[in-house]
Student: 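Sharing a structure with you now.
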Amino acid sequence: MSSPDVGELEEHAVLAAMRSGWIAPLGPDVDAFETEIADRVGVSHGIALSSGTAALHLALLTLGATRGDVVVTSTMTFAATTNAIMYTGAEPHFVDCLPHTGNMDPELLRRALVRLQEQGRRVAAVVPVDLLGKAVDYTQILSIAQEFNVPVLSDAAESLGAKHRGKPVGSFGAASVFSFNGNKIMTTSGGGMLMTDDEEFANHVRYLATQARQPVIHYEHLDVGYNYRMSNLLAALGRAQLERLDEMIAKRRKLRDEYKNLFASMPGIRVFGSEHDDEDNVWLTAISINESVTGFGPKDLALALARNNIESRPIWKPMHLQPVFSQYEGEISGVAEQLFKTHLTLPSGSALSQRQREFVYDKISEFIGAQK
Ligand SMILES: *Cc1c(COP(=O)(O)O)cnc(C)c1O
């Protein structure tokens, strides 16, 4: 659905890093990678880490999230966002989403913050998520969070390269998190980065990520630390990927345009979020299927594609419906659940060849033709 897109450039970069002798979770490629991503999104600090989840975890700790606190987050997300909240001991409070983007509904966020304030709860952070590469409405979310004096941590794991009103994601709020997992828009095979303009914040994240070691010659520790830094070899891979990021986004955009053409003549099927997609990074293309029009649902199409060895998947199952998190409260309107039931994510990777793409389109057309 979104396989890594790596070639000779990446091979050379990793080999060069290995030959340089910097085979450690530090080195010149880590430093350069941090600077290059920070420059790209226009913030002063990037800290390369072992995963996006690790970046979320350290950002929440740095914001002081702890037992007894609440962290308000999107219900429509991958479990990593909520898992990171759980690691800190804080409780998640889920907010439902807007139908056209799947992103946090600002009015429901306000309701959540009012309710939590009335209950006298301390809210450590609001963590909105840029779903499938579409930026959250940061203008509204930041202004509401500010009214309640709560910092915003942006989970931009899926959206590197996207913008909100011309400003790159990764530059909104107190801090932002990117993921370079193997299926993301660009990859370090596994990795993440914490972005912030706040130097103290950056220093604290770096400190926690390297076992919270005090700056003395012997090993002295005042806090519990983590081993969360990114390997220099992987940072070299990331730098090569970053050189190709715009090209990879363009390929995914072309793929989505082809899907739009394909589905234009199919009543009841629509490419997800297509009225709002000029600034996204086109990470994954999803479609909505109106079963009362088509006579089949997402599961039927997914099964037909699977028979041809084509991977597709429902959109994320909302967090408030996950057995592990179902005891936590939230502002739930039902939109996320509806998206989960009616949407399917299609093969979206920039490494797909024209032949592979045409195979996918043919199999989709074949299945839909056979329904009539
Ligand atoms: C992928 C992802 C993460 C986690 O990133 P990892 O690098 O896999 O740990 C967090 N949040 C969202 C929304 C994601 O899609």
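One-based numbering, in listed order, for ligands and for the atoms of each.
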Student: Parallel under 30°, tilted from 30 to 60°, perpendicular over 60°: which one fits the rings of Tyr328 and Phe325?
Tutor: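 The rings of Tyr328 and Phe325 sit tilted, inter-plane angle from 30° to 60°.
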Student: To the nearest 0.1 Å, how far is atom 9 (O) of ligand 1 from its closest protein heavy atom, and which atom is that?
Tutor: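 The closest heavy atom on the protein side is Thr53 OG1, 2.5 Å.
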Student: Do any nitrogen or oxygen atoms of Ser179 come within less than 3.5 Å of a nitrogen or oxygen of ligand 1?
Tutor: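 In this structure, Ser179 places an N or O atom under 3.5 Å from an N or O of ligand 1.
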Student: When you check the side-chain N and O atoms of Gln211 and Tyr226, is any donor under 3.5 Å from an acceptor?
Tutor: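 The criterion, which ignores hydrogens and geometry beyond distance, is not satisfied for Tyr226 and Gln211.
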Student: Short list, please: which atoms of ligand 1 are under 4.0 Å from a heavy atom of Ala80?
Tutor: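 Those qualifying, in numeric order: 3 (C), 4 (C), 10 (C).
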Student: Consider ligand 1: state whether an atom of it lies below 4.0 angstrom from any non-hydrogen atom of Gly190.
Tutor: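 Gly190: no contact with ligand 1 (<4.0 Å).
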Student: With a 4.5 Å cut-off on side-chain heavy atoms, are Asp137 and Thr101 touching?
Tutor: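 No. Closest side-chain heavy atoms not under 4.5 Å.
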Student: Find all atoms of ligand 1 within a distance of less than 4.0 Å from any non-hydrogen atom belonging to Val129, and give their numbers and elements.
Tutor: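 Those atoms are 13 (C).
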Student: Find all atoms of ligand 1 within a distance of less than 4.0 Å from any non-hydrogen atom belonging to Ser51, and give their numbers and elements.
Tutor: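 Going through ligand 1 atom by atom, the ones under 4.0 Å from Ser51 are 7 (O), 9 (O).
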Student: Regarding Arg252 and Ser2, is there a side-chain donor-to-acceptor distance under 3.5 Å anywhere?
Tutor: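 Their side chains do contain a donor-acceptor pair, which is all the 3.5 Å distance test asks for.
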Student: For atom 11 (N) of ligand 1, what's the nearest protein heavy-atom neighbour? Residue, atom name and distance, please.
Tutor: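 Ranked first by proximity to atom 11 (N) of ligand 1 is Asp155 OD2, 2.8 Å.
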Student: Provide the number and element of each atom of ligand 1 under 4.0 Å from a heavy atom of Gly191.
Tutor: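 Every atom of ligand 1 under 4.0 Å from some heavy atom of Gly191: 7 (O).
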Student: With only distance considered, is Thr77 within less than 3.5 Å of ligand 1 through an N or O on each side?
Tutor: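 Looking only at distances, the answer is no, because the N/O contact criterion of under 3.5 Å is not met.
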Student: Can Lys167 be said to sit on top of Phe172's aromatic six-ring, NZ or CZ under 6.0 Å from centre and within 45° of the ring axis?
Tutor: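 Judged by the rule, Lys167 and Phe172 form a cation-pi pair.
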Student: Going by the order shown, which atoms of ligand 1 are within less than 4.0 Å of some heavy atom of Ala157?
Tutor: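 So the atoms of ligand 1 that pass are 2 (C), 3 (C), 10 (C), 11 (N), 12 (C), 14 (C).
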Student: With side chains defined as the heavy atoms from C-beta onward, is the minimum distance between Leu56 and Asp155 less than 4.5 Å?
Tutor: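 Yes, their side chains come closer than 4.5 Å.
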Student: Think Arg213 forms a cation-pi with Tyr219, using NZ or CZ under 6.0 Å from the six-ring centre and within 45 degrees of its axis?
Tutor: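 Yes, a cation-pi geometry holds between Arg213 and Tyr219.
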Student: Nearest 0.5 Å, what's the CG-CG distance between Leu245 and Asp5?
Tutor: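 Going from the CG atom of Leu245 to the CG atom of Asp5 covers 11.0 Å.
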Student: Please list, in number order, the atoms of ligand 1 under 4.0 Å from a heavy atom of Lys184.
Tutor: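 Result: 1 (C), 2 (C), 3 (C), 14 (C), 15 (O).
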Student: Minimum distance, heavy atoms only, to atom 15 (O) of ligand 1: which one of Met76, Glu158, His57 is it?
Tutor: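 Nearest heavy atom to atom 15 (O) of ligand 1 lies in Glu158.
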